[in-house]
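In each ligand, atom 1 is the first atom listed, and ligand 1 is the first ligand listed.
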Amino acid sequence: MVLARVSKLHKSYALGRTKVSVLRGVNLEVREGEMLAVTGASGCGKSTLLHILGALDKPDQGTVSLAGEDLFAASTWRRDTIRNRDVGFVFQFYHLLPEFNVLENVLMPRMVGTSTWGWMSARREAKAKAAEILELVGLQDRLKHRPNELSGGERQRVAIARAIVNEPRFLLADEPTGNLDAKMGKGIMECLHGLNEKGQTIVIVTHDQQIAALADRQVRLVDGKIES
Ligand SMILES: Nc1ncnc2c1ncn2[C@@H]1O[C@H](COP(=O)(O)OP(=O)(O)OP(=O)(O)O)[C@@H](O)[C@H]1O
Ligand SMILES: [Mg+2]
């Protein structure tokens, strides 16, 4: 079954008076349960594509459907709901909140959309869930650390934990090993494989061929299109 289908996607950015055409007719299918790697040179539009796939940005033209639902034909409210429920996003540069510790960073997505009252009753369960996920990524001894008190690999794992705490069907990871040495990179890939085996569909974006080779399938973004 196809979980996500991208068709004829176009996206350009205006830079002063010039228009930079980044995506020029991307077609892509992501099958339920697979781990797909999207590769391509720096600046070719990998992050742009991933952001649109996760409904974090809008295309100029084309469609993205997730579990059969057309993301950009839906209302903003509907799109936000789908994103919060179904998509976990691991950002290229982590985007952890520096003022909050590891546990609190991972709790954030669970707090989103919960009223203060609701949170009072949901907090205990949410904390237990966050702690369980942090153990899964091997950070059970770092719960009270702030991001600046962690190594790069640990930060990356917090970012992954935060992305999966709501148990999204679809995990999108932008260069999840990009800022790490080879050994840590492999550790992150093992972590992602574990999640994939538990049923999560994963798309990772990477410029690293060795990392891409660890996925089930690879596609390459070249000249604004998926190479066939
Ligand atoms: N907000 C923006 N405004 C203008 N141009 C942008 C913007 N965001 C990205 N671009 C341009 O779009 C192109 C694609 O950017 P993108 O971040 O998707 O590339 P990438 O493949 O993820 O690169 P990398 O491997 O370096 O992360 C780049 O040339 C970039 O300069
Ligand atoms: Mg990028």
Side-chain angles (χ1 to χ4, degrees), residues 4-30 34-66 71-72 76 79-80 83 87-97 147 152-153 155-164 168 170-182 184-189 191-192 201-228:
R5 176 175 281 120
V6 171
S7 34
K8 300 181 188 156
L9 206 68
H10 289 257
K11 176 78 179 176
S12 54
Y13 292 108
L15 211 64
R17 281 193 192 165
T18 52
K19 199 173 100 176
V20 185
S21 229
V22 181
L23 304 178
R24 288 179 255 168
V26 170
N27 295 311
L28 180 65
E29 283 182 356
V30 185
E34 81 170 332
M35 183 159 170
L36 173 71
V38 177
T39 63
S42 179
C44 74
K46 303 182 297 299
S47 295
T48 302
L49 174 60
L50 209 66
H51 288 160
I52 295 173
L53 199 50
L56 292 168
D57 198 2
K58 282 185 178 179
D60 299 334
Q61 276 178 57
T63 58
V64 176
S65 70
L66 190 59
L71 280 183
F72 299 101
T76 308
R79 190 159 52 245
D80 290 346
R83 185 198 310 112
V87 183
F89 210 97
V90 182
F91 291 94
Q92 185 164 9
F93 303 106
Y94 319 131
H95 294 321
L96 299 176
L97 300 168
R155 283 179 217 191
Q156 191 60 275
R157 282 181 280 154
V158 178
I160 292 174
R162 181 183 54 188
I164 63 178
F170 200 26
L171 182 63
L172 305 175
D174 194 355
E175 298 281 2
T177 64
N179 312 299
L180 309 176
D181 63 32
M184 276 196 208
K186 269 196 112 177
I188 294 294
M189 286 305 284
C191 172
L192 292 175
T201 303
I202 302 182
V203 177
I204 73 164
V205 150
T206 179
H207 62 267
D208 184 334
Q209 272 308 319
Q210 286 182 346
I211 291 292
L214 298 171
D216 299 334
R217 187 164 74 93
Q218 284 186 52
V219 295
R220 197 171 165 77
L221 190 57
V222 184
D223 297 333
K225 287 183 180 161
I226 297 292
E227 206 175 53
S228 51

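Gln92 NE2, 3.0 Å is the protein heavy atom nearest to atom 27 (O) of ligand 1. Nearest protein heavy-atom neighbour of atom 26 (O) of ligand 1: Ser42 OG, 2.6 Å. Among protein heavy atoms, the minimum distance from atom 14 (C) of ligand 1 is reached at Gly43 O, 3.3 Å. Looking from atom 12 (O) of ligand 1 to the surrounding protein, the closest heavy atom is Val22 CG2, 3.3 Å. Counting only heavy atoms of the protein, atom 16 (P) of ligand 1 lies nearest to Thr48 OG1, 3.7 Å. Given atom 25 (O) of ligand 1, the protein heavy atom at minimum distance is Lys46 NZ, 2.7 Å. For atom 2 (C) of ligand 1, the nearest protein heavy atom (residue, atom name, distance) is Tyr13 CD2, 3.5 Å.
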Exercise. Should Thr48 and Tyr13 be marked as a side chain to side chain donor-acceptor pair (under 3.5 Å) after you check the CA-CA gap, both sets of side-chain angles, and the distance that decides it?
Worked result: CA-CA 10 Å; Thr48 302; Tyr13 292 108; 3.2 Å; yes
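Asp216 contributes a side-chain N or O that, together with a main-chain N or O of Met35, makes up a donor-acceptor pair within less than 3.5 Å. When atom types are taken as modelled, the side chain of Arg5 and the backbone of Glu29 share no donor-acceptor pair closer than 3.5 angstrom. For Gln156 (side chain) and Pro176 (main-chain N/O), a donor-acceptor pair under 3.5 Å exists by modelled atom type.
Using a 4.0 angstrom heavy-atom cutoff, His207 does not count as in contact with ligand 1. The closest approach between any non-hydrogen atom of Val20 and ligand 1 is not below 4.0 Å. Under the 4.0 angstrom criterion for non-hydrogen atoms, Cys44 is in contact with ligand 1.
Val6 places none of its side-chain heavy atoms less than 4.5 Å from the side chain of Asn27. No side-chain heavy atom of Val38 sits less than 4.5 Å from a side-chain heavy atom of Leu50. The closest side-chain heavy-atom distance from Ser12 to Val20 is not below 4.5 Å.
Centred on the Mg ion (ligand 2), the OE1 atom of Gln92 and the OG atom of Ser47 lie at an angle of 90°, reported to 10°.
Here the CG-CZ distance, from Leu66 to Arg79, works out to 12.5 Å after rounding to the nearest 0.5 Å.
Within the 4.0 Å cut-off (strictly below), no protein heavy atom is located near atom 31 (O) of ligand 1.
With Ser47, Ala41, Ala14 as candidates, the residue nearest to atom 17 (O) of ligand 1 on a non-hydrogen basis is Ser47.
Just one residue in the list Val222, Thr206, Val205 forms a side chain to side chain contact (heavy atoms under 4.5 Å, CB included) with Thr39, and that residue is Thr206.
Within the 4.0 Å heavy-atom criterion, the part of Leu15 lying near ligand 1 is the side chain and not the backbone.
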